[in-house]
Number of protein chains: 2
Amino acid sequence: MSSRPSLAQVAALSGVSVKTASRALSGEGYVAVETKARVQSAADELGYRLNRTARELRRGGNTSTLVGLLSGDLANPFYSRLASGLERELRMHGLQLITASTDENPEWERRLTDSLLERRVRGLVVASTMAEHGHLAAERRHGSPFVFVDRPPVDLTADAVLLDNRGGAKRAAEHLLERGHRRIGIVGDLSRLSTHQDRVEGFAEAMEAAGVADWRDYLLEDAHDVDKAERAVRALLARDPAPTALFTTNNRITTGALRAIGHTPFPAAATAKDAADKGTPAGKGTALIGFDELDLGDVLGVSVIAHDPEEMGRHAARLLLARLDGDDGPARRVVLPTRLIERSTTAPV
Amino acid sequence: MSSRPSLAQVAALSGVSVKTASRALSGEGYVAVETKARVQSAADELGYRLNRTARELRRGGNTSTLVGLLSGDLANPFYSRLASGLERELRMHGLQLITASTDENPEWERRLTDSLLERRVRGLVVASTMAEHGHLAAERRHGSPFVFVDRPPVDLTADAVLLDNRGGAKRAAEHLLERGHRRIGIVGDLSRLSTHQDRVEGFAEAMEAAGVADWRDYLLEDAHDVDKAERAVRALLARDPAPTALFTTNNRITTGALRAIGHTPFPAAATAKDAADKGTPAGKGTALIGFDELDLGDVLGVSVIAHDPEEMGRHAARLLLARLDGDDGPARRVVLPTRLIERSTTAPV
DNA sequence: ATGAAAGCGCTAACAG
DNA sequence: CTGTTAGCGCTTTCAT
């Protein structure tokens with residue numbers, strides 16, 4: 001548990017100055033091959049390893065290779081896929097990702113943001129759970145680019161990569177309406193989140209255009225985890241009259257809904273060919289469409305409004321990289337499309 | 001885009017020495033309340049933010065609050081749930097997680113490990129894809145604790161949190177054998193991974209104990225992604241005679257298998273009560289059991305050998321924290337249990 | 001209660 | 001090609 005060797009020790013062992021050792025190891029050049037070899041072997045012998053934080057300190061503010069990501073919880077596939085896409089793209093440019101989960105707690109988010117900024121991250125990607133972001137205005141002036149993902153900044157202009165929540169939700173509602181449904185239950189996440197509000201709005205737009213004025217009677221909100229969602233769906237289905245269809249506004253809620261309405265055993269299917277033949281429609285069960293694709297959505301036959309979280313991460317990385325590259329144009333806002341995938345849970349009756 | 005204010009600037013603005021400013025802001029004490037307030041307001045005015053890396057440099061080696069995680073790919077729920085459990089536990093102790101994905105590429109892993117060590121992470125949690133780890137021996141002497149997760153260290157003694165792969169796979173095979181199956185296909189991940197090998201071994205043990213000598217005829221390996229797995233399963237089912245059951249050795253392979261054999265539409269189920277009544281057995285389709293729980297495994301009715309990735313992360317955190325706390329006892333090895341969850345894909349005929 | 005000086009490990013700037 | 005000096009932003013002495 002001896003402490004780590006410094007460059008000075010390597011220099012001493014190889015009988016050169018610290019600067020020469022530095023040059024030899026960082027490949028700066030202008031070092032005799034023979035000297036370089038001597039320094040290298042001394043470094044190996046001591047188990048020397050560059051102290052990157054010291055280097056960054058000396059080189060000045062903007063040399064860190066760290067990018068921070070603030071998101072809800074990595075266990076949610078939406079966030080982990082976002083993180084995956086982001087990390088992959090950053091890595092191609094020599095940057096590393098440091099993640100922090102807020103659990104949708106604004107207080108935690110604030111604290112974690114501070115912590116990442118103290119670490120002098122090169123930039124910050126944030127799926128924010130806070131109501132406003134004015135406090136970050138000062139940071140931007142000090143040169144830390146922010147990219148907002150999934151949810152837009154409030155009281156702050158900054159780059160953002162968002163989803164077409166409103167359009168996607170509207171499409172979901174229209175799809176159910178086309179199938180003849182009128183009593184459509186809608187179960188949503190935390191009501192304070194803009195994504196939730198946008199999805200409800202899009203839904204409302206379609207419902208009202210179709211002349212369904214009392215859609216709010218079947219709206220349930222703040223179902224933030226799978227269990228709450230399952231209970232909410234059960235409650236909704238126990239109403240009289242019960243809804244004939246459901247729109248669940250994110251992956252966890254859809255999962256909860258499937259537990260409530262769809263806990264059916266795996267149907268027998270001897271081979272792939274057999275399976276293909278079994279394309280029976282959903283019949284008269286409760287129809288369902290969810291926002292967000294699910295891992296086994298295709299196997300289960302769940303209709304969804306799909307989009308690509310990895311792509312969102314890649315886009316965020318690209319916006320950030322452009323800023324780091326000196327782009328000081330106006331804030332950009334990228335809105336990623338969603339697409340309806342019709343599967344058996346909304347098959348025509 | 002002005003550069004960040006330093007403590008010296010805060011000190012200058014408030015008319016005190018750098019050290020006093022430091023004391024005031026870091027809450028060290030021994031500062032007049034009035035002075036402290038003055039420094040604080042100067043800091044606010046300038047938008048001062050502590051440079052944590054400078055602090056850590058001055059305070060000496062072991063003060064970083066960063067812990068590194070090396071894993072395959074965050075998009076895989078196994079890794080993201082591991083990361084989630086790990087991060088949550090670390091956060092409770094003031095530590096932050098920095099993640100790096102290796103994509104199961106040993107060369108990348110080596111490079112990323114170096115990078116994390118250069119950043120002077122406090123410790124490293126690694127789901128390694130490398131064949132041996134002797135090169136890390138030197139690091140441990142310099143005081144960087146390693147915790148191996150999912151896969152054990154080779155040529156190195158270090159703490160590890162592993163799964164009972166052998167026992168779980170054996171249980172899976174026994175379960176299928178109990179259901180009367182003899183021709184059981186087994187589809188595995190990269191053959192060089194120890195987890196894969198252990199699972200095949202456990203499977204083999206049960207098969208041979210049951211007198212099925214030619215089980216290897218139905219073994220397919222290196223199905224590392226969902227598409228490859230799907231093709232492998234199709235190939236297996238096209239054999240003559242075809243296997244009557246499948247054991248898929250991880251979550252991605254199980255997903256591929258479900259796509260190959262189970263692409264059946266969602267069955268109609270009006271209410272939860274209805275659904276409960278529909279408990280028909282799997283019938284004469286190909287039976288299936290997978291290693292790793294799936295997100296919608298219960299809804300789909302897929303039998304699995306389940307375990308808890310989050311718990312693995314928490315355990316890893318605890319081992320690491322103990323080391324950071326000075327524990328220098330012998331290397332610990334925690335083996336987490338698996339459990340069989342019987343669902344409809346292996347229901348009795 | 002406050003300050004001056006030194007130094008963490010490294011590299012930029014300027015010699016030679 | 002190599003070395004010296006200075007300093008990144010902070011905190012640890014050690015004074016006062």
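No hydrogens, no waters, no symmetry mates; every other heavy atom, side chains included, goes into these values. Within every chain, numbering begins at 1; the chains are lettered A, B, ... in the order of the sequence lines, protein sequences first and strands thereafter.
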Item to check | Carboxylate-amine/guanidinium contact E56(B) R52(B), below 4.0 Å | outcome: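 Salt bridge flag = no for R52(B) with E56(B).
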
Checklist entry - Under a 4.0 Å N-O cut-off, is there an ion pair linking R333(B) with D159(B)? => result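 Judged by the 4.0 Å cut-off on N to carboxylate O distance, R333(B) and D159(B) do not form a salt bridge.
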
Item to check | Contacts of type side chain to side chain donor-acceptor pair (under 3.5 Å), residue S17(A), not counting sequence neighbours | outcome: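 With neighbours one apart ignored, the set is T20(A).
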
Item to check | side chain to side chain donor-acceptor pair (under 3.5 Å) partners of R49(A), counting only residues at least two apart | outcome: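 If we apply the side chain to side chain donor-acceptor pair (under 3.5 Å) test to R49(A), skipping adjacent residues, the hits are D114(B), E139(B).
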
Checklist entry - Can you name the residues that form a salt bridge (Lys or Arg N to Asp or Glu O under 4.0 Å) with R332(B), not counting sequence neighbours? => result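 R332(B) satisfies salt bridge (Lys or Arg N to Asp or Glu O under 4.0 Å) with D327(B) once adjacent residues are dropped.
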
Nearest whole Å is fine: how far is [N] [atom2] from [X] [atom1]?
X       : N       : atom1 : atom2 : value
L57(B)  : dG9(D)  : CG    : P     : 12 Å
R59(A)  : dG9(D)  : CZ    : C1'   : 17 Å
N51(A)  : dG9(D)  : CG    : P     : 16 Å
R58(B)  : dC10(D) : CZ    : P     : 13 Å
L50(B)  : dC10(D) : CG    : C1'   : 8 Å
E118(A) : dC10(D) : CD    : C1'   : 13 Å
R120(A) : dC8(D)  : CZ    : P     : 14 Å
R119(A) : dC10(D) : CZ    : C1'   : 14 Å

Checklist entry - Does R55(B) place a side-chain N or O at less than 4.0 Å from the phosphate oxygens OP1/OP2 of dT11(D)? => result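 For dT11(D), OP1 or OP2 has a side-chain N or O of R55(B) closer than 4.0 Å.
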
Checklist entry - Contact boundaries of DNA chain C with chain B (under 4.0 Å, heavy atoms), 5' to 3'? => result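 Reading along DNA chain C, I get dA1(C) to dG9(C).
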
Checklist entry - Among all residues two or more places apart in sequence or in another chain, which pass the side-chain contact (heavy atoms from CB on, under 4.5 Å) test with S26(B)? => result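 S26(B) satisfies side-chain contact (heavy atoms from CB on, under 4.5 Å) with S22(B), E28(B), R55(B) only.
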
Checklist entry - How do L7(A) and A32(B) order along DNA chain C: which one's closest nucleotide is nearer the 5' end? => result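 Of the two residues, A32(B) wins.
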
Next on the checklist: Suppose we screen for ring pair (Phe, Tyr, Trp, His ring centres under 6.0 Å). Which residues come up paired with H224(B), at least two apart in sequence or across chains?
Outcome noted: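 Not a single residue meets the ring pair (Phe, Tyr, Trp, His ring centres under 6.0 Å) criterion with H224(B).
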
Checklist entry - Which pairs, with at least one residue in residues 72-92 of chain A and sequence neighbours excluded, count as a ring-ring contact (aromatic ring centres under 6.0 Å, His included)? => result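 Listed once each, the pairs are F78(A)-H307(A).
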
Checklist entry - Which ring-ring contact (aromatic ring centres under 6.0 Å, His included) pairs, counting each pair once, include a residue from residues 104-133 of chain B, with sequence neighbours left out? => result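 Listed by first then second residue: H133(B)-F148(B).
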
Protein-nucleotides 3-5 of chain D N/O pairs under 3.5 Å:
unit_1: dG3(D); atom_1: OP2; unit_2: S17(A); atom_2: N; d: 3.0
unit_1: dG3(D); atom_1: OP2; unit_2: S17(A); atom_2: OG; d: 3.2
unit_1: dG3(D); atom_1: OP2; unit_2: T20(A); atom_2: OG1; d: 2.6
unit_1: dG3(D); atom_1: N7; unit_2: R23(A); atom_2: NH2; d: 2.7
unit_1: dG3(D); atom_1: O6; unit_2: R23(A); atom_2: NH1; d: 3.4
unit_1: dG3(D); atom_1: O6; unit_2: R23(A); atom_2: NH2; d: 3.1

Checklist entry - Using the C1' atoms of five pairs at each end, what's the angle between the two axes of the helix from dA1(C)-dT16(D) to dG16(C)-dC1(D), to 10 degrees? => result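 So the angle between the two local helix axes works out to 40°.
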
Item to check | Pair listing, salt bridge (charged side-chain N to carboxylate O under 4.0 Å, His left out) test, anchored in residues 63-74 of chain A, at least two apart | outcome: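 Found D73(A)-R88(B).
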
Checklist entry - Among pairs that include at least one residue of residues 146-157 of chain A, which meet salt bridge (charged side-chain N to carboxylate O under 4.0 Å, His left out), considering only residues two or more places apart or in two chains? => result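 Of all non-adjacent pairs touching residues 146-157 of chain A, those that pass salt bridge (charged side-chain N to carboxylate O under 4.0 Å, His left out) are E104(A)-R151(A).
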
Checklist entry - Contact class for T53(A) (heavy atom, under 4.0 Å): base, sugar-phosphate, or nothing? => result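 The answer is nothing, as T53(A) stays clear of every strand by at least 4.0 Å.
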
